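Written out below as structure tokens is the structure these notes cover.
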Amino acid sequence: MKITVLEKKDNFIKFIIEGVDSGFMNSLRRVSMTGVPTMAIEEVEFTKNSSVLYDEIIAHRLGLIPLKTDLKTYKLPSECKCGGKGCKICQVKFKLNAKGPKMVYSGDLKSSDPKVVPVYDNIPIVKLLEGQEIKLTATAVLGFGREHSKWSTGLMIYQNYPKIKIEKVKNAKEIVDVCPRGVFELDGKELKVKNIEACNLCLACVDKSNGGVVVTGDENKFIVTFESWGQLDCKTILQNAAKQLSKRLNLFEKAFEKAMK
Ligand SMILES: [Zn+2]
């Protein structure tokens, strides 16, 4: 297996992976999006809500606010020593106290842990008019995106690495123009591939050239893009995804062994 990174930021990574198949890629995609724990608000206790929105709508909105996640300090409620009752190792508390007139934003949430705060301060929650008030305590816990999308880490997409073969082409200029991704260029009158990794296998060039250009996807080489919602950086998510995948395979191995005895 070989990986070449094309682009890397905290919340975005693009890389080429070789020596794997689509089955492996799909497992990796699913586990990195929904099998790595992140923090999200799970319970909300309202002491006052005179806004125009029902408690449930506000609670749902709060749940969807991405929270910076600290996997070293916090444990899943199901794996915590407290047995899931709730303690400092498996819960973070948020307080929200606001009086109208104002727009209430995610940044108004006061966290009990300065490391676990909303990723963005400017997500609107509810608009309060003169005399309206909201007062609540929210509890955030670690969870998995496979249980609820509020815990999903981000989005992974992958495609087969393009293989482009230029055979007989009469209308080179037209093919350069028809490609929406700018893959081709003209070298004199000859058609040439300029940027193969931009190709998303749309096959517009194949149609335009009447088969003069042949495009296929490599079955064992992929271009992978991962964008994180910000709770964790891409490196942590993908490293953790590999651990989660092998953890589940170990569980399978043990269970299978037991079942076959
Ligand atoms: Zn606990």
Side-chain angles (χ1 to χ4, degrees), residues 10-11 27-28 30-49 54-98 104-121 123 125-126 134-154 228-255 258:
D10 274 357
N11 289 345
S27 309
L28 184 66
R30 281 172 175 273
V31 79
S32 54
M33 284 167 57
T34 66
V36 175
T38 65
M39 204 55 115
I41 288 174
E42 169 71 348
E43 258 182 49
V44 186
E45 213 183 303
F46 288 86
T47 33
K48 191 152 199 188
N49 176 18
Y54 292 120
D55 294 359
E56 290 85 347
I57 300 176
I58 295 174
H60 181 245
R61 289 186 177 184
L62 291 171
L64 291 171
I65 294 171
L67 302 173
K68 289 230 191 280
T69 298
D70 173 5
L71 288 179
K72 287 193 184 109
T73 312
Y74 291 95
K75 281 196 157 61
L76 286 158
S78 58
E79 291 174 6
C80 186
K81 276 189 217 155
C82 72
K85 269 187 266 163
C87 68
K88 276 191 166 172
I89 300 173
C90 62
Q91 286 186 344
V92 180
K93 296 276 184 192
F94 288 87
K95 283 207 180 323
L96 182 62
N97 255 324
V104 184
Y105 290 100
S106 50
D108 294 320
L109 284 164
K110 301 267 175 300
S111 172
S112 62
D113 178 351
K115 277 187 291 176
V116 182
V117 291
V119 176
Y120 305 103
D121 282 343
I123 302 172
I125 298 168
V126 60
I134 191 164
K135 215 170 178 182
L136 59 86
T137 309
T139 308
V141 294
L142 287 176
F144 293 107
R146 60 175 178 260
E147 285 157 30
H148 192 292
S149 60
K150 68 183 174 185
W151 283 300
S152 85
T153 58
S228 143
W229 306 144
Q231 304 101 315
L232 297 162
D233 63 85
C234 289
K235 191 178 163 194
T236 311
I237 294 169
L238 292 174
Q239 282 173 332
N240 208 287
K243 274 190 204 138
Q244 296 284 349
L245 198 58
S246 62
K247 197 168 145 188
R248 285 165 81 182
L249 286 171
N250 282 335
L251 286 176
F252 169 75
E253 193 184 359
K254 277 185 198 143
K258 202 173 147 195

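Each ligand, and each atom within it, is numbered from 1 in the order the structure gives. All of these numbers come straight from a predicted model, not from anything done at the bench. Residue numbers run from 1 in the order of the sequence given.
K110 is linked by a side-chain hydrogen bond (donor to acceptor under 3.5 Å, both in side chains) to nothing, counting only residues two or more places apart in sequence or in another chain.
Neighbouring protein atoms of the Zn ion (ligand 1) (N, O or S, distance under 2.8 Å, waters ignored): C80 SG, C82 SG, C87 SG, C90 SG.
Here the OG-CG distance, from S106 to L64, works out to 12.0 Å after rounding to the nearest 0.5 Å.
For the pair V44 and I58, the minimum side-chain heavy-atom distance is 4.5 Å or more.
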Please tabulate, one pair per line, all N/O donor-acceptor pairs under 3.5 Å involving side-chain atoms of residues 79-88, not counting sequence neighbours.
none

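Screening residues 30-46 for side-chain hydrogen bond (donor to acceptor under 3.5 Å, both in side chains), with sequence neighbours left out, gives E42-K150.
Considering every non-hydrogen atom in both F94 and S111, the closest pair reads CE2-CB, 3.4 Å.
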